[in-house]
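Computed from a predicted structure; not experimentally measured.
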Amino acid sequence: MFFVPTICDTNRKRSRANTIPLSNSLFVLANLKLVGFALLLICLTLVGTVSASGDEITSAAHMTLADAENDKEPAPFYEVLAKALKKRKTRIDNICPTSDVVARRILEDYGAMFLAKKVSPPPRCIFTNEEQVTRFQEDAGFTSLLIGFDEVELQPEAMKQLVKAREEAQKEALDITPRDGAEAARRNYEDSVRLWNSRFSPALDYWLAQGRLNVEQVTRLQSLPLQQQVAEVLELEKSGIYFSKDLSKSILYSIAAPGTSQHIAMLAFDVNEFENPRVREIMAKHGWFQTVLSDLPHFTFLGLKEKDLPKNGLRGVEVNGQTFWIPNVSGQDSSSQLQNRKR
Ligand SMILES: [Zn+2]
């Protein structure tokens, strides 16, 4: 059955062939019509839906085409991102210079939010001070909602869809509530630094006690400017000296680097009920997806339909039955792709 979508897809491309010059078009068109018709029949026969009812045939063919779309390889993240940014009159290097190792890593780990629709993604992937964050958050705008005792804040469209998701969940006697209070949604720059230190400092103590780092190294790491500190932490993690809460994985899967969080972008919401598959389904229906590998309660507002995520440069990775939609950069040399585009 694998070849069914390909055949149907070929058939669908017929309309594009009609744009060739008029001199050739009649001949090609006649042939394409014949071939196309034959392929359509093959499609319908293979899916076993040729019946007396015209409507059924149409809907079965439609379903096959939809399946074909879903089976397609996800688009390359950097290409989709470049196009999305062009519409916003900016370029990848303006928001996140990929020659900078940390910036590039952050873009590839948290970058899904830059593709979000009907909201304002941040103008840079690393904010370096509170003033920048405040200006961005004021420009993008946000609305607040009281859930229990916690007031959470998100960009307006993200909030609107969260409210809808909650209503739907509550109709089914479920709920969607913020994890760790107000911090589940909007955060400022200082929050992101404090949370970084909540992972960074205990990890330093642990690795010092384990003898994997010495006092001199620890003191030096503590005194580094933040960006350099992040870079060195990521470098240490290459040798298994991890800084996540449980010290088993990269700190970036546990907490964002200072100034980089999707929470700063007001496009993230940490959900208490993330383990419930129906809750995840309802969130997805309203444009909210898990996009940061291993950060289980963390959902990102993308404002897209799940079926459209692959063509938006994201690929689904399933971990313990949960699907994470992450930038499709594996196996690509993104920096060389960027070089090519510049030429
Ligand atoms: Zn989060």
Between [Y] and [X], do the side chains contain a donor N or O and an acceptor N or O under 3.5 Å apart?
X	Y	answer
Ser244	Ser254	no
Glu157	Gln161	yes
Ser144	Glu153	no
Ser192	Arg187	no
Trp207	Gln217	no
Thr98	Arg105	no
Asp270	His263	yes

* To do: Give a yes or no on this: more than 12 heavy atoms of other residues, nucleotides or ligands lie within 6.0 Å of atom CD of Glu151.
  =>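 Counting neighbours around CD of Glu151, more than 12 heavy atoms of other residues, nucleotides or ligands fall under 6.0 Å, so yes.
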* Can you establish whether the number of heavy atoms outside Gln210 located under 6.0 Å from its atom CD is more than 12? =>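 For Gln210, atom CD is crowded (more than 12 foreign heavy atoms under 6.0 Å).
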* Write out all pairs satisfying salt bridge (Lys or Arg N to Asp or Glu O under 4.0 Å) with one or both partners inside residues 201-227, taking only residues at least two apart or from two chains. =>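 Found Arg220-Glu232.
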Looking at [Y] and [X], is any side-chain nitrogen of the basic one under 4.0 Å from a carboxylate oxygen of the acidic one?
X	Y	answer
Lys305	Asp308	no
Glu235	Lys238	yes
Glu138	Arg135	no
Arg104	Glu108	yes
Arg194	Glu183	yes

* Under 6.0 Å between the ring centres of Phe136 and Phe127? ->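 Centroid distance Phe136-Phe127: below 6.0 Å, so yes.
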* To do: With rounding to the nearest 0.5 Å, note down the distance linking CZ in Phe269 to CG in Leu154.
  =>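 Separation between the atoms: 7.0 Å.
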* Residues forming a salt bridge (Lys or Arg N to Asp or Glu O under 4.0 Å) with Asp150, sequence neighbours excluded ->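 Listed in chain order: nothing, the list is empty.
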* With sequence neighbours excluded, residues passing side chain to side chain donor-acceptor pair (under 3.5 Å) with Ser201 ->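 Here no residue qualifies.
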* Asked: Ignoring hydrogens and geometry, is there a side-chain-to-backbone donor-acceptor pair from Asn328 to Phe77 under 3.5 Å?
  ->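 Not a single qualifying donor-acceptor pair exists.
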* Do Thr300 and Gln290 pass the side chain to side chain donor-acceptor pair (under 3.5 Å) test, and can you show the C-alpha distance, the side-chain angles, and the key distance before you say yes or no? -> CA-CA 6 Å; Thr300 312; Gln290 287 159 298; over 6 Å; no
